[in-house]
Amino acid sequence: MSFQAPKGVPEYLPPRSATFLAVREAFATAAGNAGYSYIEVPVFEDTELFARGVGASTDVVSKEMYTFADRGGRSVTLRPEFTAGVMRSVLEHGLHHGQLPVKLWATGPAFRYERPQAGRFRQLQQFNVEAIGSEDPAVDAETIALAWAGYQALGLTRVRLLLNTLGCKQCRPAYRAALQEFLRALDLDEDTRRRIEINPLRVLDDKRPEVRALVENAPLITDHLCASCKAHHDRVRSLLEDLRIPWEDTPRLVRGLDYYTRTTYEFDHPMLGAQSGIGGGGRYDGLSEDIGGPALPGIGFAVGVDRIIMAVEAENDDRPAPPRVEVYAVPLGEEAARRVFTLVHELRAAGVAADMAFDGRGLKGAMKGADRSGAAYAVIVGERDLAAGTAQVKDLVSGDQTALPLAEIVTTLKEILTK
RNA sequence: GUGGGUGUAGCUCAGUUGGCAGAGCGCCAGGUUGUGGUCCUGGAUGUCGUGGGUUCAAGUCCCAUCACUCACCCCA
């Protein structure tokens, strides 16, 4: 084998790929039910959009972007996330001049040049939801409920919702200064000391036990909120209570992207190992202005499709492969193969998923193929059937087999299968 | 970027003090000349990651290199 997939790029082969589609479908349905419309945005954008939108000091921008010059000499970057691109598109096409909030969903790959590990990829699949143009805490709660509905639809029972607020332009600066003062007094390594100056909140999120111990008594944002942020946060929490969505208050939870304000949250799954975040989001009331737009609040989230697949598999490790087709046709002999080819075509046209044995496979091998396809019925046509104008229809679960007129096969099977 | 682990059949892996390249699963065929899922029999598939070294002899020991993988960091 001379070629292999690029490093850190997951591929989803059958039957696993069915789970990939199911994850997308679950969230697309939840988003559609909540009045969100689909938006297709570019996979690459002007590099500057991400530098200004996501934040030049973030790890994502400073060391993880796939950035290159195109043939015209422009610096472009494969999207490391969706939000900046969606906001850019909304502003560029003036969607915010219509009714607010603008509610959109998008899905597809994002790219980050990181060292791969379990649940961390260079090409990651996200499902993204944004509500732009509203400050209402009910919209915050709506996005959380939407994500929650997606996880529920997939049958996930062990998802945890971690909730926090990061304050706003009014209250965050004072908190940030107080936190920096506290952190500067600690004995921390050089990288962490640098982070204190760039984004001190992230130090609170450090997983290393020795760092955790040091920051245990650090000041928390929840004690420094302004009145309106506190009211906003309380409202979000009481709405979640109304919806009976359980959450954990996690005052140390921080997002790694600069644009987040006020409500932030993360969904986490306990069976995934180190990379356990299966979704995350929050409010980004300053993003529009950061990229040259008007004051325009917004909130949204991204869920990680790859990690959700892992979570689904972790919670149900013995799921049978989904059936590939409903009917599998088995011809015996060349003449039958020709007739069966048309029959299968007619079944498909009638909306019945059908496949057949190729390459003149023997009856035994062909029946094996029928079994593995997951089909409920096999249709066997040999020379004798052809002469009699019949086909053998075999129920592959019970083993019962009956001869039916060839001409009625399509309508009969269609009828049985739609019951 | 930093640290650990692993590379042997399509897949999961075993391979002893260095001595003929293995198992299970899967695949194909036969048992059953027109019947799958169970069972039995047989068969095909290998650059032992790659390059070099030590040795009469290397999957096994040594060096280098590449790949994969887990964790830190970061994030979905």
Side-chain angles (χ1 to χ4, degrees), chain A residues 1-8 10 13 23 27 54 58-64 80-83 107-128 147 189 191-192 194-195 199 202-203 205-211 253-257 265-269 272-281 300-311 320 328 330-333 336 357 359 361-375 377-386 391-401 403:
Chain A
M1 174 76 105
S2 46
F3 289 105
Q4 53 187 308
K7 191 184 183 77
L13 316 177
V23 171
F27 284 90
V54 177
T58 61
D59 281 20
V60 166
V61 169
S62 64
K63 49 191 194 200
E64 297 176 1
E81 54 104 47
F82 279 69
T83 304
T107 188
F111 304 85
R112 295 179 195 173
Y113 191 87
E114 301 182 272
R115 189 86 172 263
Q117 72 183 74
R120 190 171 74 180
F121 308 101
R122 289 184 172 180
Q123 176 176 309
L124 51 135
Q125 297 285 344
Q126 293 196 333
F127 189 98
N128 194 264
D189 63 278
D191 279 349
T192 309
R194 201 172 307 127
R195 213 177 309 146
N199 189 342
R202 291 231 317 273
V203 180
D205 213 18
D206 201 305
K207 281 185 203 148
R208 292 172 293 182
E210 64 274 19
V211 179
L253 175 73
V254 175
R255 309 265 71 221
L257 312 181
Y265 50 91
E266 190 170 304
F267 297 96
D268 170 286
H269 197 278
L272 290 194
Q275 307 298 323
S276 61
I278 57 173
F301 67 80
V303 299
V305 173
D306 310 276
R307 291 182 188 174
I308 293 170
I309 291 170
M310 294 167 68
Y328 193 94
V330 175
L332 297 168
D359 293 299
R361 295 243 293 180
L363 181 59
K364 190 187 172 90
M367 286 306 293
K368 209 172 234 189
D371 188 50
R372 282 170 202 169
S373 74
Y377 293 92
V379 175
I380 302 147
V381 181
E383 304 299 333
R384 297 208 296 261
D385 301 294
L386 226 44
Q392 308 295 324
V393 176
K394 180 165 187 173
D395 181 326
L396 288 171
V397 178
S398 68
D400 296 343
Q401 181 170 314

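Note that these values count all heavy atoms, side chains included, but never hydrogens, waters or copies made by symmetry. Since we're looking at a predicted model, the values are computed, not measured. Here is the naming used below: chain letters follow the sequence lines, and residue numbers restart at 1 for every chain.
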Hey, does the side-chain of [X] have a donor or acceptor N/O within less than 3.5 Å of a partner on the base of [N]?
X      : N     : answer
A:K394 : B:U35 : yes
A:R202 : B:C75 : no
A:R115 : B:C73 : no
A:Q401 : B:U35 : yes
A:D371 : B:G37 : no
A:R384 : B:G34 : yes
A:Q117 : B:C73 : yes

Which nucleotide in [options] has an atom nearest any side-chain atom of [X]:
X      : options             : value
A:R372 : B:C28, B:U35, B:C73 : B:C28
A:I380 : B:U35, B:C72, B:G36 : B:U35
A:E64  : B:A71, B:C74, B:G36 : B:C74

Could you let me know what [N] is paired to, Watson-Crick or G-U wobble, both distances under 3.5 Å, or none if it's on its own?
N     : answer
B:A64 : B:U50
B:G1  : B:C72
B:C28 : B:G42
B:A14 : none
B:U55 : none
B:G37 : none

Distance in angstrom units between [X] [atom1] and [N] [atom2], rounded:
X      : N     : atom1 : atom2 : value
A:E81  : B:C74 : CD    : P     : 18 Å
A:D189 : B:G1  : CG    : P     : 19 Å
A:M367 : B:U38 : CE    : P     : 13 Å
A:D205 : B:A76 : CG    : P     : 11 Å
A:E266 : B:C75 : CD    : P     : 10 Å
A:Q4   : B:A67 : CD    : P     : 8 Å
A:F82  : B:A76 : CZ    : P     : 12 Å
A:L124 : B:C75 : CG    : P     : 13 Å

Backbone of [Y] reached by a side-chain donor or acceptor of [X] within 3.5 Å:
X      : Y      : result
A:D395 : A:V397 : yes
A:R120 : A:R115 : yes
A:R112 : A:F121 : no

[N] versus [M] - spacing of their [atom1] atoms, nearest Å:
N     : M     : atom1 : answer
B:C39 : B:G22 : P     : 26 Å
B:G49 : B:G30 : C1'   : 37 Å
B:U69 : B:U12 : C1'   : 16 Å
B:A21 : B:A57 : P     : 15 Å
B:U60 : B:U45 : P     : 24 Å
B:G19 : B:G24 : C1'   : 26 Å
B:A9  : B:U65 : C1'   : 25 Å
B:G59 : B:U2  : P     : 33 Å

When we call it a touch if two heavy atoms are under 4.0 Å apart, what does [X] touch: a base, just sugar-phosphate, or nothing?
X      : answer
A:A302 : sugar-phosphate
A:G369 : nothing
A:G362 : nothing
A:Q125 : nothing
A:K63  : nothing
A:Q392 : base
A:D385 : base
A:F121 : base
A:R122 : nothing
A:V23  : nothing

Gap separating the [atom1] atom of [X] from the [atom2] atom of [Y], nearest 0.5 angstrom:
X      : Y      : atom1 : atom2 : result
A:L396 : A:Q401 : CG    : CD    : 9.5 Å
A:R195 : A:D205 : CZ    : CG    : 9.5 Å
A:D189 : A:D206 : CG    : CG    : 8.0 Å
A:D371 : A:Y328 : CG    : OH    : 10.5 Å

Most 5' of A:G8 and A:R307 on RNA chain B, judged by nearest nucleotide: A:G8

field: Comparing A:Y113 and A:K364 on RNA chain B - which has the more 5′ nearest nucleotide
entry: A:Y113

- request: Respond yes when some side-chain nitrogen or oxygen of A:R361 is under 4.0 Å from OP1 or OP2 of B:C28, and no when none is.
  value: yes

query: For A:R120 and B:C70, is the shortest distance between a side-chain N/O and OP1 or OP2 below 4.0 Å?
result: no

query: Considering all heavy atoms of both residues, which atom of A:A274 and which atom of A:Q117 are nearest to each other, and what is their separation?
result: CB-NE2, 3.9 Å

message: Between A:Y265 and A:F267 (judged by ring centroids, cut-off 6.0 Å), do the two rings come close enough to count as a pair?
response: yes

